[in-house]
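Here the structure comes first, spelled out in structure tokens, and everything after it is commentary.
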Amino acid sequence: MTLIGISGALFDFIDDPWKHVGREWEAARFEPDGLLVIEDGIIKDRGPRAALEPRYPGLEITHIKDRLIVPGFVDGHIHVPQTRVLGAYGEQLLPWLQKWVFPEEVKYKDPDYAQEGTRRFFDTLLASGTTTCQAFTTTHKVATETFFEEASRRNMRVIAGLTGIDRNAPDYYVDSAENFYRESAELIARWHRQGRNLYAITPRFAMGSSPEMMQRCEQLKKENPDCWVNTHISENPAEIRTLLSLHEDCSDYLGVYEKYGLVGPKFSGGHGVWLSNAEFSRMSQKGAAVVFCPCSNLFLGSGLFRLGRATDPSSRVKMSFGTDMGGGNRFSMLNVLEDAYKVGMCNNTLLDGSVNPALQDVSEAERNKLSAYRAFWSITLGGAEGLYIDDKIGNFEPGKEADFVALDWNGGPPATAWHQSIAFAGERPETMEEAANLLFGIMMVGDERAVDETWVMGQRLYKKSAA
Ligand code: GUN
Ligand code: ZN
């Protein structure tokens with residue numbers, strides 16, 4: 001048994017700030033001089049250091065000074081084999097897949113290439129403060145095995161699965177529905193709930209899945225109801241038109257996944273840019289989640305996700321945030337927050353400067369605004385809720401896995417320290433409001449340079465090197 005302490009300024013969440021309009025701080029907790037007590041990688045206690053420390057005589061404490069300690073970031077939607085196509089020029093989704101993505105992903109059938117790419121992927125993830133991801137791999141079993149092996153080596157909480165596509169991709173890349181079924185079943189037996197690994201049945205997207213492939217996914221979910229389902233939904237107008245022409249019996253995109261019994265708890269659809277109000281409400285009723293990927297939606301020109309609609313209390317959809325790297329051009333969830341904020345702001349205004357008439361009412365406009373509370377909840381506890389793993393991670397509640405990040409508010413572009421010091425009056429944040437001001441500064445001005453240390457299950461796996 002190992003017992004350790006981490007002292008520093010702790011910031012985490014106990015509730016959804018969208019439920020506390022005008023009083024969002026009620027959803028958060030801030031301990032300017034806090035202590036985390038960690039036993040064998042699990043949080044045993046948290047609170048003010050002065051009150052807790054005497055209860056643990058002889059506790060070995062690591063003091064993390066002048067940092068904000070927040071739960072590890074959750075990336076709800078990311079593509080491991082796109083690590084090298086980050087920032088590919090010039091295309092929207094469908095031509096981008098053909099021109100850049102499939103030629104790179106096919107290289108992952110080579111185990112050495114898969115290993116190099118996957119190692120670089122995890123190292124960059126940890127340097128960005130992301131301790132949990134739900135990931136797409138490729139159609140190759142070896143790429144998925146390599147993913148789980150590398151995640152296990154780092155003891156990270158992850159969700160992933162063999163990523164099936166059997167149409168609308170080049171011949172060298174497509175798999176058969178039969179092979180996808182067999183290999184998915186083998187991978188589930190080998191990896192699901194082994195260590196911190198969780199398995200997601202992963203039809204890449206409905207447009208790339210024949211009816212046979214979708215039936216195989218339905219069969220896999222029936223045979224393995226404990227598994228997750230991860231896919232894309234309603235991302236790009238050309239994609240949606242093509243899909244609905246292939247499923248004339250479905251009136252919308254969600255309907256295709258519903259037809260095959262995939263929509264329910266533990267279902268995530270990435271993007272959802274063009275989801276209708278009716279689709280949001282069906283997802284809400286069924287406990288399904290959407291993953292908001294603003295960097296990608298802007299980079300690929302997919303559109304502006306309706307954050308204020310997804311968070312409407314009458315049809316609140318579970319929601320994680322994701323990079324969608326390489327559709328998104330960044331690995332850092334801080335950049336995701338930056339773009340999410342900008343998407344929310346743009347949603348409230350049309351290009352001619354008038355108020356967007358598609359907004360239902362002023363409350364939708366208010367919900368489009370991404371405060372620091374909403375933002376950091378979304379990439380910690382909220383992200384974990386969207387993935388149905390908030391019993392394991394997401395905040396510093398005793399019993400949860402001790403994944404956290406030490407944010408250095410001075411890490412960033414030149415003049416960052418001077419810039420960020422406007423957030424608080426003294427040497428460091430002392431109040432919840434000062435800490436939230438600082439977090440907003442970090443998400444809008446910072447990036448992974450603000451990530452100083454990343455800890456997984458009570459072990460430090462990343463430390464930024466001195467400049
Ligand atoms: N839809 C199907 N495949 C992909 C992908 O790799 N990235 C994105 N953004 N959308 C997809
Ligand atoms: Zn994606």
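These values consider heavy atoms only, across backbone and side chains, with no hydrogens, waters or symmetry-generated copies.
- Donor-acceptor pairing under 3.5 Å is lacking for the side chains of Ser315 and Ser281.
- Aromatic rings of Phe147 and Phe122 (six-membered ring for Trp) have centroids within the 6.0 Å cut-off, being under it.
- Distance alone, capped at 3.5 Å, places no donor-acceptor pair between the Glu235 side chain and the Leu93 backbone.
- The backbone N or O of Gly301 sits less than 3.5 Å from a side-chain atom of Gln92, completing a donor-acceptor pair.
- Relative to the six-membered ring of Tyr388, Lys318 meets both conditions, a distance below 6.0 Å and an angle of at most 45° to the axis.
- Each side chain to side chain donor-acceptor pair (under 3.5 Å) pair with one or both residues in residues 418-443, not counting sequence neighbours, appears once here: Asp66-Arg428.
- The aromatic ring centroids of His271 and Phe292 lie 6.0 Å or more from each other.
- In this structure, Phe267 has its ring center under 6.0 Å from that of Tyr257.
- With respect to Glu366 and Arg374, a salt bridge is recorded, a charged nitrogen being found less than 4.0 Å from a carboxylate O.
- Between the side chain of Trp274 and the backbone N or O of Ser302 there is at least one donor-acceptor pair closer than 3.5 Å.
- Ser332 places a side-chain N or O within donor-acceptor distance of the main-chain N or O of Leu334, the cut-off being under 3.5 Å.
- Ring to ring, Phe404 and Trp455 are close: their centroids are under 6.0 angstrom apart.
- Note on Glu26 versus Arg23: salt bridge recorded, some NZ/NE/NH1/NH2 to OD/OE distance being below 4.0 Å.
- Between His79 and Phe136, the distance separating the two ring centers is shorter than 6.0 angstrom.
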